[in-house]
Amino acid sequence: MFELPKSKILRKQEFKKIYAQGKSFACRGIVIYVARIENLNGKIAFAAGKKLGCAVIRNRVKRLMREAYRLNQNKIRQDCAIIFVGRMALIDSKLDLAEKYLLEVCKRAKILAE
RNA sequence: CAGGAAACAGAAGCAGUCGCGGACAAAUUUUUGUUCGAGGAAAGUCCGAACUCCACAGAGCAGCGUGCCGGCUAACGACCGGUGAGAGUAAUCUUGAAGAUAGUGUCAUAGAAAAGGAAACUACCGAAAUUUUUUUCGGCAAAGGUGGAAAGGUGUGGUAAGAGCGCACCAGCUGUCGGGUAAUCGGCAGGCUUGACAAACCUCACGCGGAGCAAAGUUGAAUAGGAAAUUGUUGAGGUUGCUCGCUGACAUUUCGGGUAAACUGCAAAGACUUGGGCGGUAACGCUUUAAGCAAGAUAAAUGACUGCAAUAAACAGAAUUCGGCUUAUCGGUUUCCUGCCGG
């Protein structure tokens with residue numbers, strides 16, 4: 001139950017809708033945009049802006065967030081679409097810290113499963 | 001032992017658990033298995049090409065690039081060899097190195113004078129005047145002073161004092177002879193001499209059409225766009241900046257849809273890589289003799305954790321593909337040079 005196939009990742013056109021309609025929540029490591037839109041619920045995406053640094057760093061941040069989501073997805077509700085955006089604090093952190101940030105920000109957004 | 005330079009190869013592996021992308025196969029409609037899965041710079045986008053479209057690409061002017069000579073290459077501003085210049089005791093290293101006698105221009109401040117051969121502040125020499133002091137006229141450019149640079153340099157003769165004024169050597173220029181494919185080098189002769197800047201304009205030689213894979217093509221829902229023919233306006237837009245030339249907007253008629261997306265381009269294949277043989281000082285070429293090439297996404301795959309001999313590290317992530325250059329950086333190996341100590 002730890003799989004994360006590609007079909008769950010958002011497409012290019014769908015990003016704008018989430019950014020426009022979603023609500024944002026933040027903590028030290030991660031910002032999330034949450035929206036409830038038909039056909040897109042349950043889908044997720046990971047992003048890292050150019051502020052963070054070069055391509056290697058942005059790749060690493062996205063991989064960290066994806067791994068953290070993959071291991072904890074059963075704790076998160078599947079009836080909404082989420083975009084995870086990495087922040088500076090995530091650059092030097094290991095996996096356990098990334099998981100901590102992810103659960104913290106999800107708790108603030110109240111999308112943790114009961 | 002310390003420091004410096006150059007070259008070479010590498011940039012992590014194995015096991016377990018979870019996970020991702022492509023291909024193939026099975027099963028069958030969603031799984032299972034096998035296999036492959038970032039770099040030396042993938043980066044910067046600084047050059048050169050392939051490929052695609054625009055007249056398969058045209059003319060003139062403008063503009064841009066290159067700039068010792070020869071070679072090499074698909075091509076190049078890259079690379080190799082040589083020459084000159086510069087640095088160094090040397091090994092060796094560096095080098096944007098055409099033309100200043102085609103012309104125009106610039107050379108601040110200082111200095112008497114900063115560009116055709118001119119000029120004279122102090123000084124030196126001669127003459128005249130004058131009571132010593134000094135003044136005027138003439139000669140000179142050796143010495144001083146200014147400057148990044150003062151109109152060849154050093155020595156000697158010469159002279160009232162001086163001066164290429166004469167001579168010797170050196171540097172440069174012109175001519176000529178010889179070596180070299182050439183840049184250029186060496187010898188001889190001549191008259192004595194011509195500042196620097198072309199990374200100022202410019203001159204000369206050679207080269208350059210433009211846009212780029214978000215190119216371009218195919219299939220294809222709606223709103224609609226496209227193709228062909230004819231006549232006319234003298235004419236939209238495009239083709240590099242301009243002028244030509246080319247193309248043909250719009251109107252009418254006829255045919256009849258082609259935007260979002262998807263697929264192709266796009267990855268097992270070619271200017272390929274390594275080794276052998278042959279040619280060449282080398283860059284490189286020939287040979288087919290041997291071996292090897294298998295990433296291909298589109299919010300974008302190659303990751304996480306644990307363990308194993310070290311703490312696995314630095315710079316850093318493919319996006320149409322090649323040849324170079326530049327920049328970033330980890331730990332090694334080899335060779336050469338320098339310094340110190342010992343023999």
Side-chain angles (χ1 to χ4, degrees):
Chain A
M1 205 41 224
F2 293 116
E3 293 167 357
L4 186 62
K6 198 101 179 245
S7 55
K8 289 193 73 172
I9 305 288
L10 286 163
R11 304 302 303 270
K12 195 171 180 178
Q13 298 294 322
E14 297 160 352
F15 263 71
K16 292 172 189 170
K17 293 184 188 172
I18 310 285
Y19 278 127
Q21 302 178 24
K23 293 182 177 177
S24 65
F25 303 90
C27 72
R28 226 174 96 75
I30 300 175
V31 179
I32 64 171
Y33 291 83
V34 183
R36 289 189 168 78
I37 299 173
E38 260 186 88
N39 303 325
L40 299 183
N41 288 341
K43 290 196 171 185
I44 45 128
F46 306 94
K50 281 199 173 172
K51 268 187 208 171
L52 298 182
C54 64
V56 171
I57 291 172
R58 294 203 305 273
N59 261 344
R60 170 164 176 78
V61 167
K62 283 199 274 186
R63 282 166 182 163
L64 260 178
M65 289 191 294
R66 198 174 59 194
E67 189 71 7
Y69 178 81
R70 188 176 71 79
L71 296 171
N72 295 286
Q73 57 183 311
N74 55 350
K75 300 177 188 168
I76 296 170
R77 284 161 62 170
Q78 299 294 311
D79 58 349
C80 53
I82 314 169
I83 296 178
F84 297 85
V85 181
R87 302 181 80 179
M88 297 295 277
L90 216 56
I91 291 174
D92 293 321
S93 55
K94 300 275 284 184
L95 179 64
D96 52 356
L97 193 61
E99 288 186 68
K100 210 175 114 191
Y101 285 140
L102 187 95
L103 292 174
E104 187 187 333
V105 75
C106 286
K107 191 178 172 187
R108 288 186 190 181
K110 297 175 182 172
I111 53 172
L112 287 178
E114 299 301 323

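Because the structure is a prediction, the values reported are computed rather than measured. Sequence lines set the chain letters: A, B, ... in the order given, protein chains first and strands last, and positions in each chain run from 1.
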* To do: Searching all strands shown, indicate the nucleotide that pairs with B:rA224 (Watson-Crick or G-U wobble; both distances under 3.5 Å).
  => none
* Asked: Syn or anti for B:rG195, with syn set at within 90° of 0?
  -> anti
* Residue matched to B:rC167 through Watson-Crick or wobble contacts both under 3.5 angstrom -> B:rG155
* To do: Write down the distance between CZ (A:Arg58) and C1' (B:rA318), rounded to a whole number of angstrom.
  => 14 Å
* Have a look at A:Arg60 and say if it touches a base, only the backbone sugar-phosphate, or nothing, with a 4.0 Å heavy-atom cut-off. => sugar-phosphate
* Of all the choices, B:rG19, B:rA316, B:rU302, which nucleotide is nearest to the side chain of A:Val56 once you look at every atom? -> B:rA316
* Among B:rG317, B:rG303, B:rU302, which nucleotide sits nearest the side chain of A:Arg66? -> B:rU302
* Asked: Given that both distances must come in under 3.5 Å, which nucleotide forms a Watson-Crick or G-U wobble pair with B:rC204?
  -> B:rG67
* Between A:Glu104 and A:Arg108, is there a salt bridge with N-O shorter than 4.0 Å? -> yes
* A:Glu67 side chain, from C-beta outward: closest of B:rG303, B:rA299, B:rG317 -> B:rG303
* Structure fact -> Result for 5'-nearest mapping on RNA chain B, choosing between A:Asn59 and A:Ala47, is A:Ala47
* Asked: In the structure shown, which nucleotide is the Watson-Crick or G-U wobble counterpart of B:rG180, with both distances under 3.5 Å?
  -> none
* For B:rG343, the Watson-Crick or wobble partner whose two distances fall under 3.5 Å -> none
